[in-house]
Structure formats: structure tokens, C-alpha cells
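Only a predicted model underlies this, so the values are computations on that prediction, with no experimental measurement involved. Residue numbers start from 1 in every chain, and the chains themselves are labelled A, B, ... in the order their sequence lines are given, proteins ahead of strands.
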Amino acid sequence: MSLITDPNLDSPDDFYEALIAAHDGLAEPESHALNARLVLLLANHIGSLEVLREALAAARLDAQSAPAS
Amino acid sequence: MPDADFQSRTFAYARHADQDAATPARRPVVVVGAGPVGLALAIDLAQRGVPVVLLDDDDRLSTGSRAICFAKRTLEIFDRLGCGDRTVAKGVSWNVGKVFLRDELVYRFDLLPDPGHERPAFVNLQQYYVESHLVERARQLPLVDLRWKNEVVATQPRDDHVVLTIATPDGEHRLEAEWLVACDGSRSAVRRQMGLESKGRSFRDRFLIADVRMAHDAPAERWFWFDPAFHPNQSVLLHRQPDGVWRIDFQLGWDADPEHEKKPENILPRVKALLAHSSALRDAEFTLEWASVYTFSCQRMARFRHGRVLFAGDAAHGVSPFGARGANSGVQDADNLAWKLAAVVQGRAPDALLDTYAREREAAADENIRHSTRATDFITPKSAASRLFRDAVLTLARTQPFARTLVNSGRLSTATTLRDSPLSTPDADSFDGAMQPGAAAADARVTRADGRDDWLLRQLRDGFNAIVGADGATEQALRGLAVDGFALNVIAIAAAPPDAPSPDTLVDRDGAVARRYDLRRGGVVLLRPDAHVCARWRAATRSQVAVAMRHALALPEGVAR
């Protein structure tokens, strides 16, 4: 089992809208906290440490080149 | 005709005998607004034998290029209206879009990856050309009575007609319409006069459209930049039009001063910055053709039917420009309404059929507004969290294929599938593929008995059409079927050339009909007069098809005629 990076979401636009809506009305610290809880929930759902390490590495890879704002 | 003349072309006002009538003349159908939607509707009604008065408050075509992206479905409707070829010949065809983050290509999409369609995903063409093609087509039809400089100044609905007060250069007169269709745009006068509203969400952002003319051969693609170096922290969209004109759409932000931004001396540096950014365009000479600063709302009327008054196009609903869902959805409104209104006017279907226009196109408007709102929220994030995820998606899109599906620079207009349409007969068998009840018929290449290639959609005729997986017996059983004057045209499709070639059987040379419609031998896909699927069967009898046709006409079931 390795990290799926090809499209795998049932309905990408529905998911994205729901994700943004989940943050409605939250101040920045609350948004951060929501994201942290979300990462933990999804990590538990994935379960595999190997997959999670791959995801962490992929997310980290872009950390230096991400837009600054 | 030189292009400049198209823009300045005017149409002569002519005094009509109705203006001198002692009592107001009564007309079966009056359409207000000779834009793409009103013109398409008037042509469609006339082709179906309904006389139409088409009123326009002006005497010229659209000012500026305005709607420039005409979708495949619109082109297929224009084919039926007799001006698809001209529109495609003049337009710039394109299927490919590219999305850039800063200077880097992060995502490329092909809107028509599966070949075998006569029409491209889109043509880009200035709205005034499209209107001019439609006006010329309308003028060929004696049943279209196109009256320029006729401004509706009062609308009074009655139980079985509508009284209009119309201002012309010769003063005011009254006209009665048994049916009135308002296609008079986002600031609809008819809507306002009836005390109705189009409601929704306004976006606090401003955009600048600059149409520039330059001699250059960059590819015909849609290019979209997030946060480009030449226009930091905003988005830019570039599109090619005919006549060497390029549409550039700059996001400006809410604080921009529209009067300041509209001035050529302020536009030119923005365009130069874009051109300087591209090695291919750096030295291109250009002139400014047209510019406009705009804001937009995503909104719609609660109901598109109010008794004898129907609303279509921007009068009924509004979207952001991202996705080209304005004019294209309006033409789909006209396509949906024309056959229904013709059937009701001609006494061949009950009034209730018009309620299904409202229901189907209100649902379509919701879908368009949803897509348009999502694209706008992605392009111009409204919260810190939204911005954070937008930037994360764009960053990941460079290396992670999944993230590219989340990049939303506008989900481009396709035909709306009329899910849950009351006119559809639910499937009794199980099927794959997109051609479910409510879907607009997909095209495919077919081969005729004489060996020539043709297109599936070119085989459609007025009334209902049945695409049949040829087995001899089924097409035989269905031939000659008609319901209330609506004939059924049978299109027999064979997987391979038949042993005894029938002049009427078409060969599915690429297997695309079978694949797109999940059609097998003996199967039937029934299309209603606007070429949306309304029923399908693995095997069907003549009476089953007749019942489905009656159902699609909102007629009571089980009454044989």
C-alpha cells in the first residue's frame, strides 16, 4: 500500500466546498485547530504508518516553494 | 462586411400596423429582448410554426465582445436553428485549457478528450457576430416579426394574456400577448415591472476586460494565471477571438476604481506587462479594441414561470463569467422552452408542460450557480482558510495529480442533465454511461449505407427521435408512430454493416453510439424534441414508446389517439 496521488475523490468540487464551509466563521487559531483535528481524524482512518510517512514527506516537499501569503 | 461595420450596424425601426390599432392587437407569443436568447427562442418557435413578435429596445447588436465562449451544446442547438455552420466557421475552436501558478504550468485540461463529435467543446466568437448570424436567420423566417426600438415600459399580466405598453420613436402603444417571454437580460424591465426579483449572492470584487487586437499566432487555448508576476496577487484569463482579437480578463480587487481602471492609459500598462511576460508575445504590437470593468452576482428568480409570463436567460438567472455559463445556459433555456411553448400554443400539449420548463431550468440554474460560485470562491478566496487551501491545492497540483482535479478556474459549460425531470420515464432496466434520462444527446460519427461518414446528431428530425440498436423488428415496430402530431423519427444503428444493407441503417463505425448510449441490439433511446433523453429500454414495444412520448408531453397517460 502506498500513498494514492492520482485522483481518488468521489466528487472533488463537493468535497472542496464542504472543506471551506467547515471553516466558515472561524478565526485563524480556530481554523488551525480544526485543520489539526481533521489531519488526525484522516490519519486514523488511513492507519498505515508507511502511507502517512509518505504523505508527510509529500506535504513537506512543497513547504519551501509554497506561496508566501 | 468589415468587422468595424458589424459593431456600428444599426437596424431600421419600422412603424407597424399594430401601433395604429384602435384596440390593442393580440399576438400568440411576444418575446422581449433580441439578444442571443430571445433570438434563438424566436427562431425556434417560428421553425415550429408559431408566429412570434420579437421586441428590442435598441437598434444595434451587442456593444463589445461580451459573451465570447459558445459551448458545444449551444453550437448543436444553433445547428438545429440553421446557423451553427456560420458560427463555427467564424469562431475560434478550442478544447484545451491551461492553468498557471505564477509562471509555472500546474494543470492542463482537455474538454473533449474523447474524439467523435462534430462540434468542438467551444468556439470563441464575439457576441455581436453570434447575434448577427441569428438576426440574419430570423429575417429568413416570415413568422418572426422583429421590431427594433420597441421598448416595453409597462407589463400587466391578466389571466389569459399580458398587456404590454411599448414606447417607440412614434410614441406609445399597447399590445396584447397570449404568452410573454422575457429574455431582456440581467436588468430585465419585464421582471422589474412585474415587481419580481432575481436574488442571490454578490461578490465584492472587480474585473477588467480588455479586448486587444494584435497579430500573433499563439495557440487557441484558454490560459488562466493565479498570482502571475505581471499581475501579482490576482488572477488573469487570456482567450483568443477571431479577427486577431484577444480577451484579457484581469482581476482587480474590490477597492479598484472602475472609472480609473477603464481609462486606456491605465489599461495599456497592464496589457504590456502581460505581453512582456511571454517570450512569444513580448514585441507584439497591439491596439485596444474594447474595455469594461465589471462586478457580478450569482442569483436567480425564485420561479421562471409566472402565469402567462416566462423568464429565460440573464433575466431569470445570473452567474459569474468563470465557466461561460451565462449565454450558454440562456440558449439552453430557449431550447427547452421553444418546443413546449409551441406545443401549448398549438393545443397539442397541456399548459402544465410549461411548468416543466420552469422546473427543469430552475434546477439547471442552481447547478450553474453552484459551479460558478465554487469557481469564484476558488479564484477569489473570501476567508483566510479558503486562501490557505487554495494555495495548498495550487502548490500540490505541480506534483500531485489528485490536486489538479481540485484546481477550479471555472468548470466550463456543458449541457445540463435534467435529472429528476417530470417528463422522463424512469429506467426499468440497468444501464451504464452518461446518456441517462434527462441527458442531452451526445454526438458520434456514423457511416451511411452508401459508405459516407455522417454525424448522429445530424440525423435528428423535428418531433421525437428514437435511437434504435437495429435488429429489424424493433425499428419496424416503431416506424410511423406519432403522438398529438409529434412524429417519431427512427434512427437505426448497427454495430457492423448489415448483410442486406438497409438505406436507413447507420453503422456505428467507432462503437461510440454503443458506448455513449450503452445501446445494444433491440435497445431504444427516446429523445424528446429538444434532444434530451426521456426514456430508454433494452427492448421496447410500440405502446411503451407511445406512453413515454405522451409522458414527455405532460399528456394524460393511457389515452390512445
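- A salt bridge is absent between A/Asp14 and B/Arg370: the closest approach of a Lys/Arg side-chain nitrogen to an acidic carboxylate oxygen does not fall below 4.0 angstrom.
- How far CD of A/Glu17 is from CG of B/Asp377: 8.0 Å, rounded to the nearest 0.5 Å.
- In this structure, chain B has no heavy atom under 4.5 Å from any part of A/Leu26.
- Minimum heavy-atom separation, B/Phe389 to A/Asn35: CZ-OD1, 3.2 Å.
- Within a 6.0 Å radius of CZ in B/Arg201, other residues, nucleotides and ligands contribute more than 12 heavy atoms.
- Other residues, nucleotides and ligands contribute only 12 or fewer heavy atoms inside 6.0 Å of the CD1 atom of A/Ile4.
- B/Lys382 NZ to A/Asp24 CG: the interatomic distance, rounded to the nearest 0.5 Å, is 12.0 Å.
- Between the side chain of A/Tyr16 and the backbone N or O of B/Val407 there is no donor-acceptor pair closer than 3.5 Å.
- Contact detail for B/Leu406 and A/Pro12: the closest heavy-atom pair is CD2-O, 3.4 Å.
- In this structure, the separation between CG on B/Leu388 and NE2 on A/His32 is 7.0 Å, given to the nearest 0.5 Å.
- If you take CZ on B/Arg390 and CD1 on A/Ile20, they are separated by 10.5 Å, rounding to the nearest 0.5 Å.
- To the nearest 0.5 Å, atom CD of residue B/Gln400 and atom CG of residue A/Leu61 are 8.0 Å apart.
- Counting heavy-atom pairs closer than 4.5 Å to chain B, the top residue among A/Asn8, A/Leu9, A/Leu34, A/Asp13 is A/Asp13.
- More than 12 heavy-atom neighbours from other residues, nucleotides or ligands sit within 6.0 angstrom of CD on B/Glu367.
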